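Quick notes on the structure that follows.
Predicted model only: the values in this text are computed from it and were never measured. We name chains A, B, ... by the order of the sequence lines, and we start the count at 1 in each one.
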2 protein chains.
Amino acid sequence: MWEGPSHRIVGGVNLTFASGASAGTCANVRLANFTEKYMPARGLVNFFSREKSVSIRDLARHLNISIGTVSRALNGKSDVNPETRERVLQAAKTLGYVPNQSGRSLRQGTTNTIGFMIESTVETAEIGDSFFFMPVFGGVQSVFRRHQLDLVALLCGTDEDPGVYLNRVVGRRFVDGLIISATMREDPRIPFLLERKIPFVALGRSAADGSFPWIDLDFEGTAITAVTRLVGFGHKRIAVGVPNSDVNLGHVFLSGYRQGLAKGGIEFNPDLVLAAPSNEEGGYQVACAMLEQKPMPTAVVLVNENMAIGLYRRFYEMGIHPGRDIAVIGFRESTQSRFLSPTLTCFRLSLRDLGIKLAETLLSTMPAFENNYPAVKSGIIWPMELVVGESDRPAP
Amino acid sequence: MWEGPSHRIVGGVNLTFASGASAGTCANVRLANFTEKYMPARGLVNFFSREKSVSIRDLARHLNISIGTVSRALNGKSDVNPETRERVLQAAKTLGYVPNQSGRSLRQGTTNTIGFMIESTVETAEIGDSFFFMPVFGGVQSVFRRHQLDLVALLCGTDEDPGVYLNRVVGRRFVDGLIISATMREDPRIPFLLERKIPFVALGRSAADGSFPWIDLDFEGTAITAVTRLVGFGHKRIAVGVPNSDVNLGHVFLSGYRQGLAKGGIEFNPDLVLAAPSNEEGGYQVACAMLEQKPMPTAVVLVNENMAIGLYRRFYEMGIHPGRDIAVIGFRESTQSRFLSPTLTCFRLSLRDLGIKLAETLLSTMPAFENNYPAVKSGIIWPMELVVGESDRPAP
DNA sequence: GTGAAAGCGCTAACAG
DNA sequence: CTGTTAGCGCTTTCAC
């Protein structure tokens, strides 16, 4: 993992400073030497029929043994002659046999597939950049592979109700378990899954009555840390950018913001709570709202790092420089936040580790795997460490 | 769709200018009023058993008719008494019946599921930001919904070979069709899918011998347009940032770059071709490489808009301002490129429409749907229109 | 217009 | 250790 030297990591008691003002490294630039031209496509063939694939019966016939034995050999059952097993495995390989999942699922009642439900609506995609999800997926998969489980992302379209979608997915027995994200404050998916006894874990808390397995980023802690840091710099008017949807993390973040203020002896001012979409445009709007206030806040804490880009832009248009004229603390460290100018003060976490924990938590709730994973006793709040950038240095 | 007024859209013969220097809008900022604190989770219940779901047999028993009739009623067959159908539908609703997909698939040989294969490796995720994929997914789904097809994203992990993964997905009969992305110059997935006669469409050309259905962004045309524009501004030393992987779009983009140079009467200089990862860090590296050259190129064309962020950063560190001291043209217009400072000159496309076309192209190759969709005669190059930002105005 | 029955590919139970 | 068989849930003949 590449790390920009201009960030100082502040985690727990450790405080490290890096030298230099450079955000990146110049290593690994290679000159390309592509000379060939791409080949234009010719006419298209038609795809009329799917080839019949080889079934377990074909395999058995080919080996002149029964399908039961083949099945047992393939599934690693103990009561099968090693030599026979070898022959079966060999034949399976040469014939290109892959078990039909529908057949297995129908028989076993499991699909060996886990779904990660992500919503593609703009509003709910609070943490929805793929450079968020991709490493999380990677971590999840690294665990699932050990158990021959496949991960698929379930894409609930904009024009479909998440509840209806979930009902279909669950009813069809499409997956053995679910990871849900973008948890709402009141999220009907949770009682639904609990009632159906579908194993699941939520990426994000909710306010739902009744408990369920979840992991959430430390929105509360980061907000407290950020506000406390700004108060320490002498800031008094600290704005906060929160989502304008009912996604629960907004409530949690705001709670932390208020706790941080209280800790610093500063009175909460509702006018400084600015709700906007958790993206670049939302950040632009937050900056606009700040500019209208008199006196203008001297600092702002954002629930989402993408907001920083739009916020920077609006301030840039006004000749206001973050880190010089105003203090900005973003949320999650991302490639972008490292390469912004000025680099963004924000919080770091290992998305891959988060994915691993999500997977382990899910498996601990599944009958087939619970022996391998200790039951999670309660929700998990994922710690994040402060990464000091250039955007929040000045005291007012 | 929100549109930043500072961009002038230049598409075909139309040329529109917007006034003002603002990149965004201040509308729709709402003050939040979240007062309640989130509820902490209590202890966890254990999830030991999945509830037995209602089968078609249960439904039949409940209605005192045969399962065959129930099936026909649910599937909209004509030879069923309207009254009976009504009773069945009603009962299905009240009992919460959802057909088991494995049963259907086993019987019908289709899964009613389409897979969109995305690779989570950093290197291959050339166009891998979710604000790319999400709208594409949305478009795809809007078409699939008409045919009761579900879209799932197939996540090929970093530690798994795409070929092995694809083989498993296909062999298991997990999906009826596939959309593959991040097409490599020589992509073994393509002959594999062609040979197995699995319906698919590729997002991205390849150099593969033999034809197949694909849609690709106009990397060639955009490169030509960008270079021609820069040449028109008087630039002579124009660098190009391309991917450092074998993803085919790099070759195509470079081809367009060379064509643009040739058109402008400028000799191709291999030293100006800079290969780097298609992300912020890569852009940083490209800027580094440019800074080392003497004389420094006066303009640069990037194959990926994320590179612009890192490139901006490196130039910022050196006090070099894009749009004033150097000309930058990025690739795809994104929320980020609109909110960068200066805004990025780049190219616009409708990702949703792209998704729609992908879906339609795929369906045209599937026996069950080909009647509804005209066969695509060859690969499709998706047009993009120039969006003039602030990053490329000056002639040197 | 409906019921009965076969069978998709697979695994598990049981008999030998 | 291996073969036989039942049956997972569903759709689709075919008979009536």
From the options Leu358(B), Val143(B), Val201(B), select the one residue that forms a side chain to side chain contact (heavy atoms under 4.5 Å, CB included) with Leu363(B).
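By the side chain to side chain contact (heavy atoms under 4.5 Å, CB included) criterion, Leu363(B) pairs with just one of Leu358(B), Val143(B), Val201(B): Val143(B).
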
When rounded to the nearest 0.5 angstrom, what is the spacing between CG in Leu63(A) and OG1 in Thr69(A)?
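If I round to the nearest 0.5 Å, the distance is 10.0 Å.
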
Can you see which heavy atom on Pro199(B) is nearest to which on Met366(B), and at what distance?
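For Pro199(B) versus Met366(B), the nearest heavy atoms are CB-CG, 3.4 Å.
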
Using 30° and 60° as the class limits, which term best fits the ring planes of Phe137(B) and Phe116(B): parallel, tilted or perpendicular?
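Perpendicular: the ring planes of Phe137(B) and Phe116(B) meet at over 60°.
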
Between Asn75(A) and Arg104(A), is any side-chain donor less than 3.5 angstrom from a side-chain acceptor?
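Yes, side-chain donor-acceptor contact under 3.5 Å.
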
Strictly by modelled atom types, are Ser102(A) and Ser105(A) linked by a side-chain donor-acceptor pair under 3.5 Å?
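Not at all, the side chains of Ser102(A) and Ser105(A) share no donor-acceptor pair under 3.5 Å.
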
Is Thr69(A) near enough to dT2(D) that one of its side-chain N or O atoms lies under 4.0 angstrom from OP1 or OP2?
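Negative; the distance criterion is not met.
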
Can you list, in residue-number order, the parts of residues 78-93 of chain B that come under 4.0 Å of DNA chain C, counting heavy atoms only?
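Those residues are Asp79(B), Val80(B), Asn81(B), Thr84(B).
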
Applying salt bridge (charged side-chain N to carboxylate O under 4.0 Å, His left out) as the test, list every pair that has at least one member in residues 68-81 of chain B; sequence neighbours left out.
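Listed by first then second residue: nothing to list.
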
Produce a footprint string for nucleotides 6-11 of chain C: one letter per nucleotide, 5' end first; B if the base is under 4.0 Å from any protein heavy atom, S if only the sugar-phosphate is, - if neither.
BBBBBB

Less than 4.0 Å between a side-chain N and a carboxylate O, is that true for Asp150(B) and Arg145(B)?
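Salt bridge: no.
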
